[in-house]
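What's counted below: heavy atoms across the whole structure, side chains too, no hydrogens, waters or symmetry copies.
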Amino acid sequence: MGVERSGPDQRLRDVARAMRGVIELLEVYWTRVPEGFSPVAVSAPQLRVMYVIERREGINLRQLGAELDAAPSSVSRLCDRLEAIGFVRRSSSTASRREVELRLTAQGRAHLDRLRARREERLAAALARASPASRARLMEAVETIRVALTAAVRAEPTESAEPAEPPDTGVQRPPGDGAERRTG
């Protein structure tokens with residue numbers, strides 16, 4: 001005989017399950033990139049590396065591995081490939097010549113910009129099927145999720161002294177929505 005689950009905990013799990021489903025659909029949807037979009041194929045793990053480097057410019061390999069929870073050899077190979085295609089540049093650290101700093105190149109930044117623009121176009125096309133009222137409710141829900149995830153990321157311990165922050169998603173908040181706005 002099964003135990004019926006109900007109440008706030010079950011509703012929270014239901015929301016998390018629904019969000020996971022949406023994220024998985026987005027991963028599939030976004031990988032269907034039209035021919036000719038980009039002359040260079042970048043894998044999902046390589047994109048994760050690029051997102052972290054973009055957010056933490058000058059990060060070293062050890063910190064990157066900790067951020068990704070990945071083995072140093074795996075992180076090094078990912079960076080080798082990104083450097084070979086011209087998206088990442090390694091340079092000696094100004095603090096310690098034994099450390100290597102990682103930075104996105106202009107080409108790497110341009111690739112991320114094109115990728116984000118293409119993803120937004122495809123997502124906007126899908127969302128055009130929803131009613132304006134549904135899109136307004138979705139905007140409110142997405143902002144709630146963004147705030148919660150930002151707080152969760154900041155609460156996670158990292159090896160660096162500075163808090164990890166997710167990249168700016170470009171989500172525009174409606175005026176007067178009461179959301180915290182950061183400056184600087």
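Using a 4.0 Å cut-off between a side-chain N of Lys or Arg and a carboxylate O of Asp or Glu, E24 and R20 qualify as a salt bridge. A salt bridge does not link R137 to E140: none of the charged nitrogens lies less than 4.0 Å from a carboxylate oxygen.
From L64, atom CG reaches atom CZ of R48 across 9.5 Å, with rounding to the nearest 0.5 Å. For the atom pair CG (N60) and CZ (R62), the distance works out to 5.0 Å, reported to the nearest 0.5 Å. If you take CD on E57 and CD on E101, they are separated by 9.0 Å, rounding to the nearest 0.5 Å. Annotation: the span from R146 atom CZ to T150 atom OG1 amounts to 5.0 Å, rounded to 0.5 Å. R116 contributes atom CZ, which lies 10.5 Å from atom NE2 of H111 (distance to the nearest 0.5 angstrom). Here CD of E143 is found 11.5 Å from CG of L138. Values are rounded to the nearest 0.5 Å.
Hydrophobic clustering places L123 together with V142 (ILVMFWY residues linked when any side-chain heavy atoms are closer than 4.5 Å, directly or through intermediates). Each of I53 and V100 belongs to its own hydrophobic cluster when Ile, Leu, Val, Met, Phe, Trp and Tyr are linked at side-chain heavy-atom distances under 4.5 angstrom. There is no path of hydrophobic side-chain contacts, each under 4.5 Å, that joins L25 to M19.
For R17, the salt bridge (Lys or Arg N to Asp or Glu O under 4.0 Å) partners two or more places apart in sequence, or in a different chain, are D14. Remark: R135 pairs with no residue by the salt bridge (Lys or Arg N to Asp or Glu O under 4.0 Å) rule, at least two apart or across chains.
Side-chain N or O atoms of E120 include none that pairs as donor or acceptor with a backbone N or O of A117 at under 3.5 Å.
Among L102, L104, V42, L68, the one residue that satisfies the side chain to side chain contact (heavy atoms under 4.5 Å, CB included) test with V49 is L68.
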Extract all donor-acceptor atom pairs below 3.5 Å that involve side chains of residues 73-88 and protein atoms in other chains or at least two apart in sequence.
residue, atom, partner, partner atom, Å
D80, OD1, R90, NH2, 2.4
R81, NH2, A41, O, 3.4
E83, OE1, R90, NE, 3.1

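For CZ of R103, the number of neighbouring non-hydrogen atoms (other residues, nucleotides, ligands) closer than 6.0 Å is greater than 12.
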